[in-house]
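Take a look at the structure set out below.
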Amino acid sequence: TYEFTVRNNTPTSGVFDLLTSSTLGWPNTVTDTSGNPISTLALGPGQSKVVRVRMQVPTSAAVGAQDVTRLTATLQGSPAVSSSATAVTTVQQGLTIVPSQTGYGGAGSFVQYTHTVTNSWPTTRTISLSAASSLGWTARIFASDGVTQISQITLGPNGASGNVIVRIFIPAGAASGAQDQTTVTASVSGTSASVIDRTIVRRLLTYEDGGFVNQSSSFVLGDTVYARATGLSPGSSVYFVFKDANGAIVRTTPLRTVDTQGMAFDQCVTLGTHPVGDWVVELYSSGGTLLERAPFVVMYDAEITTLSATDAPKVGDRIAVTSSTVNRNPTPISNSTMTYVIWWDTNGDGTFGAGDTYIDGAGKPRAWDGSTSVSTHVTTGITVAGGGTWSESRPWTMPNTGFPNQGTYRVTATWKTSTGRVIDVATTQLYSIPTLGWPLLAATLAGAAYALWRRRASSDGGGQA
């Protein structure tokens, strides 16, 4: 259900005819705020009222399909006095949980995964949650606060989402290399959706916090890298060695005594002047025998701060795209590259994947095979001074003439170093409705907004019906 505000800007009272059109031919009804069907609206001068358009998504609608419904108000007797607005509806599965993940953990410790549950049904629903381990390990589900244990989550309608945390406890005797698959299931009213979390036991792991809760293998310059070894002999001695991307030793620890739980700990502070790339922490016995190695990546503390794209109201309009970045390191980022891709989310899963359509540099639509490097526009030679910022000197533009669909397109910008390492990724959206034109009437849909989604290279990354 979408709400529209209709305002009479004429100096006299009038009756306005209300007419809808749907690009996919879906059934719809115009009602007042009490739910009574209406086809006209009487308004005094300067008066406005809210009306609703209730869309019926057919059972046969394909996931990812996108409908653009237009509501037009026309003054009776004066057809030139007319205005319209649109609502965009994207078809989703009624219930989803994402993503499936892979992680590593030490014997006697735990690993946790965050999942997003989405309710795309038109009513609020309470969704049951469960987790089952293939190796019989203990798996518990928590609310997003990581403290409250839960077995269900209540979500609002039409694409409302919530995060849950699955915490898997690895037995103290688990062998290094053992692999568990925990199936996490969300279910309601006979409908269910599942993901699989794959956990591999390792003796040496890196974390982003001193509580050794948030496991990570990706960091930025200035971060502290925490290392924990597990499955060791209590009372024995070990030491850690941290090496940077050039293979130089950054830190060698004194001997550490393994505690009664078979664990040993250390940490290394990275500096803004250190090289970026593939680092490693190594674990040695007191006699100098290499016991384990754990690779991790250290990248620039830098990000895409803005990414914007203008809408394309009609055939031949040009969208304008621009971005800006910040570099928080003391050393410059030289000769980097920003690659932009305009794409249509064919399957509606929110990510650019095989089968989705992208717009090439000539403005033509292409189907992506899921692996070939693609781009709509590339800006090269980007240098960002230490502690400085950068922005496109002027927005680059692209006509919407070759855009194959009406509705919401995404623009993803990927910032890479001169050696091809990803610094940051950001995505925004634009609307292109070449045959219907852009709305002049105010339309409101809960949750619909222009947004910038950012996914650090170090991280795992319109209305819905």
Side-chain angles (χ1 to χ4, degrees), residues 2 4 6 17-26 28 53 55 61-62 64-75 79-91 307-323 339-348 352 355-368 374-379 392 394-413 427-445 448-452 462-465:
Y2 299 89
F4 296 83
V6 184
D17 291 322
L18 303 176
L19 180 67
T20 60
S21 63
S22 160
T23 56
L24 297 182
W26 290 352
N28 59 83
V53 176
M55 297 296 305
Q66 195 175 93
D67 173 81
V68 181
T69 296
R70 175 175 291 275
L71 173 66
T72 300
T74 304
L75 180 61
V81 181
S82 180
S83 186
S84 62
T86 58
V88 180
T89 306
T90 302
V91 181
L307 173 63
S308 64
T310 59
D311 296 312
K314 51 188 179 298
V315 174
D317 275 2
R318 301 185 73 90
I319 66 166
V321 180
T322 190
S323 68
T339 300
Y340 302 87
V341 179
I342 300 174
W343 54 282
W344 176 267
D345 191 9
T346 302
N347 61 3
F352 184 43
D356 287 337
T357 299
Y358 72 95
I359 307 301
D360 68 14
K364 297 179 180 180
R366 307 285 186 187
W368 190 42
V374 297
S375 66
T376 307
H377 175 86
V378 180
T379 300
E392 292 279 2
R394 64 175 61 88
W396 61 269
T397 64
M398 170 68 65
N400 74 339
T401 309
F403 288 21
N405 303 301
Q406 304 172 39
T408 307
Y409 286 79
R410 268 79 169 179
V411 182
T412 295
T427 298
T428 189
Q429 67 182 34
L430 65 95
Y431 290 93
S432 179
I433 311 179
T435 60
L436 291 182
W438 188 245
L440 302 175
L441 189 70
T444 305
L445 169 62
Y450 292 98
L452 169 66
Q464 296 176 318

| message | Please find the pair of heavy atoms, one from Asp67 and one from Ser22, that lie closest to each other, and give the distance. | response | OD1-OG, 2.5 Å
| task | Find the distance between OG (Ser83) and CG (Leu71) and round it off to the nearest 0.5 Å. | result | 9.0 Å
| message | Holding to salt bridge (charged side-chain N to carboxylate O under 4.0 Å, His left out), I want the full list of residues that pass it with Asp345, two or more places apart in sequence or in another chain. | response | none
| request: Identify, with sequence neighbours excluded, every residue that meets salt bridge (charged side-chain N to carboxylate O under 4.0 Å, His left out) alongside Asp360. | output: Arg366
| task | May I ask you to decide if the ring planes of Phe352 and Tyr358 are parallel, tilted or perpendicular, using 30° and 60° as cut-offs? | result | perpendicular
| request: For Asn28 and Val53, indicate whether the former's side chain and the latter's backbone hold a donor-acceptor pair under 3.5 Å. | output: no
| field | Exam field: side chain Asn400 to backbone Arg318, donor-acceptor pair closer than 3.5 Å | value | no
| From Ile359 CD1 over to His377 NE2, what is the distance, rounded to the nearest 0.5 angstrom? | 15.5 Å
| side-chain contact (heavy atoms from CB on, under 4.5 Å) between Trp368 and Trp343: does it pass, once the steps are laid out? | CA-CA 9 Å; Trp368 190 42; Trp343 54 282; over 6 Å; no
| message | Quick check: do Leu307 and Val321 have side-chain heavy atoms less than 4.5 Å from each other? | response | yes
| field | N/O donor-acceptor pair under 3.5 Å between Thr376 side chain and Ile342 backbone | value | yes
| said: Just so I know, are the side chains of Thr72 and Thr74 near enough to count as touching, which here means a heavy-atom distance under 4.5 Å? | reply: yes
| message | If I take atom OG1 from residue Thr346 and atom CG from residue Asp356, how far apart are they, to the nearest 0.5 angstrom? | response | 4.5 Å
| query | How close do Leu18 and Ala73 get, heavy atom to heavy atom, and via which atoms? | reply | CD2-CB, 3.8 Å
| Do you know the tightest heavy-atom contact between Thr408 and Gln66? | N-OE1, 2.5 Å
| Distance (rounded to the nearest 0.5 Å) between Asp317 CG and Thr397 OG1 | 11.5 Å
| field | CG on Asn405 to CH2 on Trp344, rounded to 0.5 Å | value | 4.5 Å
| said: Quick check: closest heavy atoms across Ala312 and Ile319, and the distance to 0.1 Å? | reply: CB-CG2, 3.7 Å
| task | Return yes if a side-chain donor-acceptor contact under 3.5 Å exists between Ser323 and Tyr340, otherwise no. | result | yes
| said: Within the 4.5 Å heavy-atom criterion, are Val411 and Leu430 side-chain neighbours or not? | reply: yes
| said: Would the distance check show the side chain of Asn347 and the main-chain N or O of Gly64 forming a donor-acceptor pair, the cut-off being under 3.5 Å? | reply: no
| query | Are side-chain N/O atoms of Thr322 and Ser308 paired as donor and acceptor at under 3.5 Å? | reply | no
| field | Shortest non-hydrogen separation from Ala320 to Pro395 and the atoms involved | value | CB-CB, 4.0 Å
| query | If only atom types and distance count, is the side chain of Tyr2 paired as donor or acceptor with the main-chain N or O of Thr86 below 3.5 Å? | reply | no
| query | Looking only at side chains, do Ser84 and Arg70 share a donor and an acceptor under 3.5 Å apart? | reply | yes
| message | Quick one, Trp26 with Thr69, criterion side-chain hydrogen bond (donor to acceptor under 3.5 Å, both in side chains). Give me CA distance, side-chain angles, the key distance, then yes/no. | response | CA-CA 9 Å; Trp26 290 352; Thr69 296; over 6 Å; no
| note | Across all chains, not counting sequence neighbours, the side chain to side chain donor-acceptor pair (under 3.5 Å) partners of Thr357 are none
